[in-house]
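Chain identifiers are assigned alphabetically (A, B, ...) following the order of the sequence lines, protein sequences preceding nucleic acid strands; residue numbering begins at 1 within each chain.
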Amino acid sequence: MALLALHAVSKAYGALKVTDGISLAVAEGETLGILGPNGAGKTTLFNLISGDVRVDAGRVEYAGRDVTRLKPHQRCHAGIGRSYQVPQPFGNMSVFENLVTAACFGGQQTEREAWRTAHEVLEQTGLMAHANKPAGGLTLLDRKRLELARALATKPQLLLLDEIAGGLTEPEAAVLVDELKRIKARGVTMIWIEHVVHALLSLADRLFVINFGQKLAEGEPRAVMNDPEVRRVYMGMEA
Amino acid sequence: MLETLVQGVLLGGLYTLFALGQSLMFGVMRLTNTAQGDFIILGAFAVIAGVSLAGDAMPWLVALAVLPIAFAFGYALQRYVLNGTLGKDPLPSLVVTFGLSIVIQNLLLELFSADPRAIETNGLNTQGVALGDSLSLGVLPLIVLAIAVVATGALQWLFARTALGRSFRAVSDDREIAELMGLDAKKVYAFATAIAFVLIAIAGALQGMRTTVSPSDGPLLLLFAFEAVIIGGMGSFWGTLAGAMILGITQQIGFRLDPGWGIWFGHIVFLVVLVLRPQGLFPKTRG
Amino acid sequence: MPPTLIAVERATAASRTALFVGIALVLIAASLPFWGESSWMREFVEIACYFIFAMMWNLLAGYGGMVSIGQQAFFGFGGYVMLMLGNFAGINPFVAIPLGALAAGLVAIPVSFVAFRLSGGYFAIGTWVIAEVFRLSFANVSAVGGGSGTTLTALRGIEKATRERTTYWMALACVVAAIALVYLFLRSKRGLALLAIRDNEVAAESQGIPVARMKLAVYVVAAFGAGLAGALYFVGNLRISPDAAFSVNWTAFAIFMVVIGGIGRIEGPLVGALIFWALNKFLSDYGTWYLLGLGLLAILVTLFFKQGLWGYAQQRLGWSLFPTQRRLLRAPAPAISSRG
Amino acid sequence: MNALLTTHALKAFYGDAQALFGIDFALTAGELVAIIGANGAGKSTFLKSLTGLVRAPREAIHFKGEPIGGLPPGEIVRRGLAMVPEGRRLFPSLSVEENLLMGATANRKGPWNLQRLYALFPILAEKRHQPGTSLSGGQQQMVALGRALMSNPEVLLCDELSLGLAPIVIREIYAAMPAITGEGMTVVIVEQDVTMARQVSQRIYCFQEGRVSLEGKSADLTREQISEAYFGMEAAHA
Amino acid sequence: ADTLKIGYVSPQTGPLAPFGEADKWVIEQMKTAFKDGISVGGKKYAVQIVLKDSQSNPNRAGEVANDLILKDKVALVLTAGTPETANPVSDACELNEVPCISSVVPWQPWFFGRKGDPAKGFNWTYHLFWGLEDVIANYTNGWKTLATNKKVGGLFPNDGDGNAWGDKELGFPKPLAQMGFTLTDPGRFQNGTQDFSAQIAAFKKEGVEIVTGVVIPPDAKTFLTQARQQGFKPKVITLGKALLFPGAIEALGDLGDGLSTEVWWSPSHPFTSSLTQQSAKALAEAYEAGAKKQWTQPIGFAHALFEVAANALSRAKSLKAGDVRDAVASTSIDSVVGPVKWGGQGPFKNVSKTPLVLGQWGKGKKYKVELTIVNNESAKRIPAGGTLRLL
Ligand SMILES: Nc1ncnc2c1ncn2[C@@H]1O[C@H](COP(=O)(O)OP(=O)(O)OP(=O)(O)O)[C@@H](O)[C@H]1O
Ligand SMILES: Nc1ncnc2c1ncn2[C@@H]1O[C@H](COP(=O)(O)OP(=O)(O)OP(=O)(O)O)[C@@H](O)[C@H]1O
Ligand SMILES: CC(C)C[C@H](N)C(=O)O
Ligand SMILES: [Mg+2]
Ligand SMILES: [Mg+2]
């Protein structure tokens, strides 16, 4: 059974149809990669899944239940964790407190359990040295790490990652991919938006390509990357 | 009924003048000036002081002479005080303008006492023009309305069509990048405030001519100005004018239903607009 | 990872000392009616009202990020409800104080529906308009004297000394309760949520924090506190009128106290209230000049001590009497670098 | 070889935190230089110091023989140094055309004007009256580049032109580079993609923790040299 | 010697400041009068007068009254100048069990505004002034001498005075109807209203020729200006409060000529101070010479409050609050505002009434505008200087 299913979801800003009747299913444990030109509507799709933005039409199902009308925090409690393309840390709180907050509320843990979770995630993501520093003072890279760490602290079943490899050097990206592999191995389902295609390819089980808010292609990664339309629209190479 | 509407529009003209400066400062600097009303009163007292120095004969000349002073005052105020409060957090600017409001009220009280005063217009304020046999309109309110419409048009043109207006918007959007383009944000802000203060001085002079002013009158004017800006929608000067008209007309209708509830009625319409259309009636969307 | 490794520090040496000193002070204060003068009691009650009100404003603005200029709506409402319960329902005014506060908290729920449509500077003035609606509404109710206001007649039967002492003890209890309430709230899990919301509302929501409910909770608690301060104040002052009860000056003074002391810290309103009291005591006979100076002081502190006076001291000296943060201790030595 | 722009022992701070620890850098007229380096190495800080967004000592930066360190950004752009900032940063309430016109605030003479730009990026002419931020990420990057060009700079600084852009857009933008350098403009790019950086540039500077760890002709540098310079000591440990 | 403190609260700043304008001068005069002290119960005390400003704000008035009682420990509190100041001060005194004498509020807003019970009265607070029945009598006496259509428009704001004057039972409406006047009352409005076109429209519609009410000075100006703009020209305008002070009339310019108002005290009142033996005329002249300002009506009442205070204190058995109160209650003197005596000369034991006449403003000889008494039917002792004329 699919963990997440979108049924013809749509969203428009004024006259601009940003998401235009997208249907999509993600199986439990699967990693889905999302590709598409800038402004295609990828981040918006995440917003619709996490509930930050309401759909105009269509249905969002998660773990067999209709969550279309649920608020973001309710979807988080249901098991959807997300990171933001532009990092959104709680800047005046320490890194540790950022994670404790996520664990307390997103993970619905008691304060003491949350300390444990936060500690674990700090180790896992290599942020331990920054534990007591204010999150607002971190470098961009560390902020992106914090985005991932905070999403993890909510103990998600489904993890939404928005361009967390963007701006990383190749070796940095490699470290990240290793980390994501470990998370995947624990059975966490992931959807990952990424322009750094080779990083995405090293993890994704399946690709979904969006263009102008609509599905352009979907399927096994290699097949999708060889799709002439995808090559033309996204890679800019004539097939 | 017609009379109510017409008086409402005239009152709306006055509120437009109260509101334009606020609309401009918010539009450019995201600064909510809680001393707006007190600055209007300060403007009125400046003219009053000027008239008492220069003699009763020329209130209009004195009012004109006050405008450049207001410009300079606004420029300096922004440059040396308000600039330090700008940023994402609205609190510093709120506290500082709130503090200014108290300073102005008490300074005026000390200088001019609590007595209500007025700017003598040699009878102009009592002149009316009769339209038909039941309707008579004040000449001064008509002048106020005309000035309000012209000022709105001029401001909208300045904001949307000129390089200065473009720089206002650019600095308001992203100060750092605007500076990278060669603008001096502090000067642009100071310029915007200077223009806002000219509008404030005009409003003050006219307020002093049409009725009496006393040092503690400011806060009420602020609320009307603010309501007009929000009802109209942020970032649009014609919206501000429309908002002021709606406020004026609803207050007039309210006054006629029961004088005790007129202002209350205006506030309620404001809150209803807020609930139904939080972005205002004619918002100019950004981004 | 053995759980014993995780240690989180939540108190400081200063905070432990402060707790003992605080308890001692409260005990001394509680005995004041037996050795002090009635003017001291009265002065304390007055400053207690200002302080509680400022404390609640600090909770709302400093922690909840909702900068309101309209808290006088609840101050006045609490006062009026107390008075109506006392005058019309025959309830003992001292019992009516918490009831007035409760009513203010309840009325905040529908009010929030309107107020929460605005944010930033517009929320600030919007709440002021709402307070004006309260003022004008009460001004048009003739049962409570309309615009001219009315007198709390319910206290006329109570003996002077009893009345003074009861008022004083109630004020003291309210102050202690307000501090404890806010402090415990902020130390709890909910305090974390509040800080998170203040920093970034969108992210807070997606991290599982019910933002709307939290904000409403803070708004209601702050309204309750404001109503408490109002009810207490008018028991001391006896006469209520819409212009006095819903005067924006209440919030103005609260803002000054909080900003001068330091916003977003519990010590802020405490220090602010003490400074305000001292200034008021020694300078208020200068009338306009006093107010003018107060305005200037607020401006200068905002421009030059953005953290307030206590915040400034705290930065220099590292004091924290009411710590709410969580420091992770004994983190296993150097983090494994994830580079290369 | 006459240096157009040089820095000498340039240091920069954010509050108490030091971000640059003495950068020596030189730029010759007409060349295209790439700066590479890990995250937080100080690349953006370096560009910001050059353009006045981060304070710098007067004598640490010389442009056309004159010290310009610490001048206000507006003054620097008037002297001919323009930047495409990291993350596009268009003005949301301005239309595409108004955004471009903002670039001309410095009022410098030169080949670039609206017509030339629209010829270079025809899509922008089509959308000239739309709000700048309603464009796709790539189109926004074109506007950001165009805005910088409108000041007719002698030196153009581009910070992470390709960050977060789809491959197709990166291609398009780099395809426009020759048209820009063709006008005799000197260009500095900060680029994360090392392959791309080597392809388009003549020289490369590699930054590491606020210092220059490697400098040389793009064609001469080996992959090994570069990755060593990237991670320095840490790489040895890893 | 020991010191005896008398507290005095009035509005010296804020919109009601004209009511407190003369107080500083009156208190200076009292310092001379009291320089030898007062003997109470056979013991001589130096007298100190503590003046507090209510800032026209009822909250502030209550606070300073409490300060006077609890911190300064005054023996007696005096207060004057509209319900906004006198009521909260009286309330504070009643509760703290300190005697208080108040004035310059018609007695209805003072008594009923404080929720007084006519059967019981108050224990500690005493009032001296006239009542609404007097102002109504004076206004209508004046209007009856003129040819009008007897249609009256009322301007009653939502404050202590306005609510009492416009009250259906206690105020203007009932007696006016009984005397054959038709009253148009559009309703209570907020002080500081920017626009009176609603009232003007209502008055025009009903053909009103007489305008009355009790408004604050700025509102009077707004109303009169807009009435002129909108072509509304009543034949008579008689207002309380706004037209009491020459400064306010001067600020009205041409609009001020011919406006009428009640007169509670004037230099032509045939009374003499029991304390300084000055006649009303001499008191006003002393003020004009000392303060370099035209006389105003509150001077007489501020002075009279001290007359009563001095008289009562000198009769008190001791400075205990109860003794001072008893002395106040048994006062019977002839003051510069007329005889003062509680119990008998008023509706309740706490109210002593003073006489009232009607006056009209016109161009003056010595000052820009001067007030002339134009109707004395309800207090014949006070001489009239003319008759009421149409606007
Ligand atoms: N709040 C909003 N209001 C108006 N338009 C919006 C809003 N959010 C997104 N858009 C528009 O929707 C479109 C899709 O945006 P989205 O952020 O989903 O793109 P994306 O696929 O994530 O692009 P990128 O790869 O550049 O991150 C863009 O044209 C964007 O301008
Ligand atoms: N606004 C700022 N405040 C404080 N420190 C900052 C700020 N901006 C950057 N820094 C710090 O300065 C150092 C250099 O940052 P800079 O942005 O120049 O790096 P970069 O090489 O451009 O990295 P990236 O590839 O991530 O853009 C980093 O340690 C960073 O944390
Ligand atoms: C004489 C009055 C109309 C004025 C009076 N003192 C009052 O305002 O209460
Ligand atoms: Mg995106
Ligand atoms: Mg960078």
Side-chain angles (χ1 to χ4, degrees), chain B residues 22 26 30-34 36 80-82 84-85 87-111 114 215 219-220 222-223 225-227 229-230 234 258 260-268 270-279, chain C residues 61-62 65 67-69 111 113-126 128-137 139-140 142 146-147 198 247-249 251-253 255-256 258-260 263-264 286-304 306:
Chain B
Q22 175 87 306
F26 185 81
R30 298 287 123 126
L31 184 139
T32 318
N33 176 11
T34 52
Q36 170 85 4
Y80 300 107
V81 180
L82 298 180
T85 69
K88 252 183 77 186
D89 183 2
L91 188 67
S93 59
L94 281 175
V95 176
V96 168
T97 52
F98 218 80
L100 281 173
S101 133
I102 292 191
V103 169
I104 293 169
Q105 283 178 36
N106 287 286
L107 200 63
L108 288 179
L109 197 60
E110 200 54 46
L111 293 176
L220 191 65
L222 163 72
L223 290 187
F226 166 77
E227 290 176 330
V229 174
I230 298 216
M234 308 165 192
D258 183 331
W261 295 94
I263 292 175
W264 183 90
F265 201 63
H267 288 329
I268 292 295
F270 161 75
L271 293 175
V272 168
V273 170
L274 210 61
V275 170
L276 300 180
R277 266 184 83 88
Q279 72 277 38
Chain C
V67 178
S68 164
I69 313 186
V111 167
F113 179 72
V114 177
F116 284 8
R117 296 245 150 189
L118 293 171
S119 59
Y122 280 29
F123 175 84
I125 305 191
W128 188 354
V129 172
I130 293 174
E132 280 296 288
V133 169
F134 272 73
R135 180 177 71 84
L136 293 171
S137 301
N140 282 299
S142 52
R198 184 177 61 175
S247 162
V248 71
N249 281 344
T251 303
F253 289 145
I255 294 180
F256 288 167
V258 172
V259 167
I260 289 172
I263 191 168
Y286 294 92
T288 47
W289 292 112
Y290 160 66
L291 290 170
L292 207 151
L294 208 59
L296 272 182
L297 181 66
I299 294 172
L300 293 178
V301 169
T302 313
L303 290 177
F304 301 110
K306 287 208 168 18

Output for pair (C:K306 NZ, B:L91 CG), nearest 0.5 Å, gives 11.0 Å
Heavy-atom distances under 4.5 Å only: say whether B:L94 touches chain C with side chain, backbone, both or neither.
side chain
Let's go through B:W264 and C:V133 carefully: what are the C-alpha distance in whole Å and the side-chain angles of both, what is the deciding distance for side-chain contact (heavy atoms from CB on, under 4.5 Å) to 0.1 Å, and is it a yes or a no?
CA-CA 6 Å; B:W264 183 90; C:V133 169; 3.6 Å; yes
Heavy atoms of B:P92 and C:T302 approach each other most closely as CA-CG2, 3.6 Å
Check each atom of C:I263 against the heavy atoms of chain B and say whether the ones under 4.5 Å are side chain, backbone, both or neither.
side chain
With a 4.5 angstrom heavy-atom cut-off, could you sort out which part of B:I263 is near chain C: side chain, backbone, both or neither?
both
Note: vs chain C, highest number of non-hydrogen pairs under 4.5 angstrom among B:S101, B:G99, B:P90 is B:G99
Worked verdict on C:L303 versus B:Y80 for side-chain contact (heavy atoms from CB on, under 4.5 Å)
CA-CA 10 Å; C:L303 290 177; B:Y80 300 107; over 6 Å; no
Which class fits the ring pair B:F226 and C:Y122: parallel under 30°, tilted 30 to 60°, perpendicular over 60°?
perpendicular
Part of B:I104 lying under 4.5 Å from any heavy atom of chain C
neither
Taking only residues two or more places apart in sequence or in another chain, which ones pass side-chain hydrogen bond (donor to acceptor under 3.5 Å, both in side chains) with B:Q22?
none
By a 4.5 Å heavy-atom criterion (distance strictly below it), what part of C:S137 contacts chain B: side chain, backbone, both, or neither?
both
Proximal component of C:I69, with respect to chain B [non-hydrogen, under 4.5 Å]
side chain
d(B:L271 CG, C:F113 CZ) to nearest 0.5 Å is 11.5 Å
When B:V96, B:V95, B:T85 are each screened for side chain to side chain contact (heavy atoms under 4.5 Å, CB included) with C:I299, the one that passes is B:V96
Given the options B:I230, B:V229, B:T34, C:I125 meets side chain to side chain contact (heavy atoms under 4.5 Å, CB included) only with B:T34
Answer with side chain, backbone, both or neither: which region of C:V259 has an atom nearer than 4.5 Å to a non-hydrogen atom of chain B?
side chain
Only counting residues at least two apart or in another chain, list the ones meeting ring-ring contact (aromatic ring centres under 6.0 Å, His included) with C:F134.
C:F77
Could you check if a side-chain atom of C:L292 sits within less than 4.5 angstrom of a side-chain atom of B:E110, using non-hydrogen atoms only?
no
If I measure from the heavy atoms of chain B, does C:F123 come under 4.5 Å with its side chain, its backbone, both, or neither?
neither
Chain C: which of B:I268, B:V272, B:L220, B:T32 shares the most heavy-atom pairs with it under 4.5 Å?
B:T32
Using the six-membered ring wherever Trp is involved, compare the ring planes of B:F98 and C:W128 and label them parallel, tilted or perpendicular (cut-offs 30° and 60°).
tilted
Name the region of B:E227, side chain, backbone, both or neither, that has any atom closer than 4.5 Å to a heavy atom of chain C.
side chain
Among the options C:V129, C:V67, C:L136, C:V301, pick out the one with the most heavy-atom pairs lying under 4.5 Å from chain B.
C:V129
Side chain, backbone, both or neither: which part of C:I255 has a heavy atom under 4.5 Å from chain B?
side chain
